[in-house]
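Side-chain atoms are counted along with the backbone in the values below, which use heavy atoms only and exclude waters and symmetry mates. Nothing here was measured: the structure is a model prediction, and the numbers come from that model.
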Amino acid sequence: MEIVSVAPAGVTAIDEERMRKVYEFTARTLKTSRPVPFGALIVNTKTGKHLMIGTNAVMKENDPSAHGETRTVRLACKKLRSPCLAGYTMYSTCEPCAMCMANALWAQLDRVVYGATIADANRFVRQILIDAKEVARRSDMQCIVQGPVLRELCVTLFTHPKMQKAFRSWSTRKEQTKS
């Protein structure tokens with residue numbers, strides 16, 4: 001699928017290439033029994049060397065904190081044997097929620113670059129409607145937040161028929177749990 005969009009200031013062709021990579025990785029879940037639209041890639045800011053890539057596993061792990069960004073940060077930190085990801089950039093198919101952005105700040109990521117927006121995601125699943133840039137702005141920790149990048153492409157992860165079916169099953173599970 002060839003979707004092109006205008007990149008925000010400071011976003012490069014390399015950023016778009018990396019966003020496309022995390023999109024493609026995340027899109028592979030659409031061929032599984034547990035599709036997810038949320039994926040993240042962490043790379044060395046200077047060299048671009050990939051450190052970790054991952055996806056959301058909330059339903060798979062029965063863990064409400066297993067968002068794609070948070071899981072990828074956890075795995076990257078384990079790999080480095082350090083809670084610090086200074087010197088690294090995260091690319092996410094969707095703007096990080098407040099929890100994920102706070103996690104990115106605590107991990108000391110240099111940058112977070114996202115595809116779809118919180119508002120885009122909220123059309124399909126519940127979200128905490130606080131922009132990632134706002135979370136970063138209210139912190140005394142530094143992290144550049146840029147996006148949306150390849151927004152239309154990343155939104156297709158949410159609109160894919162298999163993902164739409166999964167969203168309906170997630171909604172049914174919530175209702176059954178409340179009963």
Side-chain angles (χ1 to χ4, degrees), residues 1-5 16 18-43 50-79 90-107 109 112-135 145-179:
M1 174 175 278
E2 186 61 31
I3 297 177
V4 180
S5 60
E16 290 184 356
R18 291 175 184 155
M19 185 61 70
R20 195 171 298 279
K21 183 164 192 74
V22 71
Y23 162 83
E24 290 167 357
F25 178 82
T26 307
R28 286 187 220 151
T29 71
L30 297 171
K31 297 176 183 173
T32 71
S33 62
R34 293 183 185 255
V36 294
F38 304 100
L41 166 68
I42 297 175
V43 304
H50 292 199
L51 175 63
M52 190 58 59
I53 193 164
T55 60
N56 178 300
V58 169
M59 299 308 253
K60 181 180 176 185
E61 296 177 3
N62 295 305
D63 178 355
S65 70
H67 290 199
E69 301 93 337
T70 300
R71 285 186 74 240
T72 305
V73 165
R74 285 180 190 147
L75 293 168
C77 288
K78 282 183 182 182
K79 184 174 182 176
M90 178 192 301
Y91 294 87
S92 177
T93 58
C94 188
E95 181 177 3
C97 70
M99 175 185 71
C100 291
M101 190 61 220
N103 181 256
L105 289 164
W106 283 109
L109 284 162
V112 170
V113 181
Y114 65 87
T117 66
I118 288 280
D120 294 329
N122 188 240
R123 291 177 23 220
F124 306 100
V125 292
R126 296 181 318 167
Q127 292 293 314
I128 297 173
L129 300 174
I130 302 171
D131 295 342
K133 290 176 185 175
E134 179 66 11
V135 175
V145 180
Q146 293 177 301
V149 174
L150 300 181
R151 178 182 181 184
E152 294 84 4
L153 179 64
C154 291
V155 167
T156 66
L157 294 167
F158 292 89
T159 59
H160 188 279
K162 193 159 183 185
M163 194 66 248
Q164 288 292 300
K165 183 178 177 184
F167 287 147
R168 286 190 296 276
S169 75
W170 295 357
S171 181
T172 301
R173 265 187 230 144
K174 281 188 291 188
E175 291 167 12
Q176 290 172 348
T177 305
K178 290 179 182 178
S179 300

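- The structure places CZ of Arg20 at 9.0 Å from SG of Cys154, a figure rounded to the nearest 0.5 Å.
- Note that CE of Met99 is 3.5 Å distant from NE2 of His67, once rounded to the nearest 0.5 Å.
- With hydrogens and angles disregarded, no donor-acceptor distance shorter than 3.5 Å links the side chain of Asp131 to the backbone of Lys133.
- Atom OG1 of Thr156 is separated from atom CD of Glu152 by 10.0 Å, given to the nearest 0.5 angstrom.
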Apply side chain to side chain contact (heavy atoms under 4.5 Å, CB included) to residues Arg168 and Lys165 and explain how you reach the verdict.
CA-CA 5 Å; Arg168 286 190 296 276; Lys165 183 178 177 184; 3.7 Å; yes

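- Residues Val73 and Thr70 are not in side-chain contact: their nearest non-hydrogen atoms beyond the backbone lie 4.5 Å or more apart.
- The side-chain heavy atoms of Glu16 and Met19, taken from C-beta on, include no pair separated by under 4.5 Å.
- The minimum heavy-atom distance linking Leu41 with Val22 is given by the pair N-CG2, 3.7 Å.
- Judged purely by atom type and a 3.5 angstrom limit, Thr26 has no side-chain atom pairing as donor or acceptor with the backbone of Thr55.
- Looking only at distances, a side-chain donor or acceptor of Thr93 sits under 3.5 Å from a matching main-chain atom of Gly39.
- Atom CG of Leu109 sits about 5.5 Å away from atom CD1 of Ile42, to the nearest 0.5 Å.
- Note that CG of Asn103 and SG of Cys77 are 7.5 Å apart. Values are rounded to the nearest 0.5 Å.
- Every residue two or more places apart in sequence or in another chain that forms a side chain to side chain contact (heavy atoms under 4.5 Å, CB included) with Cys94 is listed here: Phe38, Ala116, Ala121, Phe158.
- A 4.5 Å side-chain heavy-atom check between Met163 and Leu157 finds every atom pair outside the cut-off.
- For Lys21, the side chain to side chain contact (heavy atoms under 4.5 Å, CB included) partners at least two apart in sequence or on another chain are His50.
- Between the Asp120 side chain and the Thr117 main chain, a donor and an acceptor come within less than 3.5 Å of each other.
- Here Lys79 pairs with Leu51, Met52 under the side chain to side chain contact (heavy atoms under 4.5 Å, CB included) rule; sequence neighbours left out.
- The closest donor-acceptor contact from the side chain of His160 to the backbone of Lys162 lies under 3.5 Å.
- With sequence neighbours left out, Tyr91 forms a side-chain hydrogen bond (donor to acceptor under 3.5 Å, both in side chains) with Asp15, Arg18.
- The heavy-atom pair separating Arg74 from Ala66 by the smallest distance is NH1-CA, 4.3 Å.
- The distance from the NZ atom of Lys60 to the OG atom of Ser33 is 9.0 Å, given to the nearest 0.5 Å.
- Among residues two or more places apart in sequence or in another chain, the salt bridge (charged side-chain N to carboxylate O under 4.0 Å, His left out) test is passed with Glu24 by none.
- With sequence neighbours excluded, the residues that form a side chain to side chain contact (heavy atoms under 4.5 Å, CB included) with Ala132 are Glu95, Pro96, Met101, Val145.
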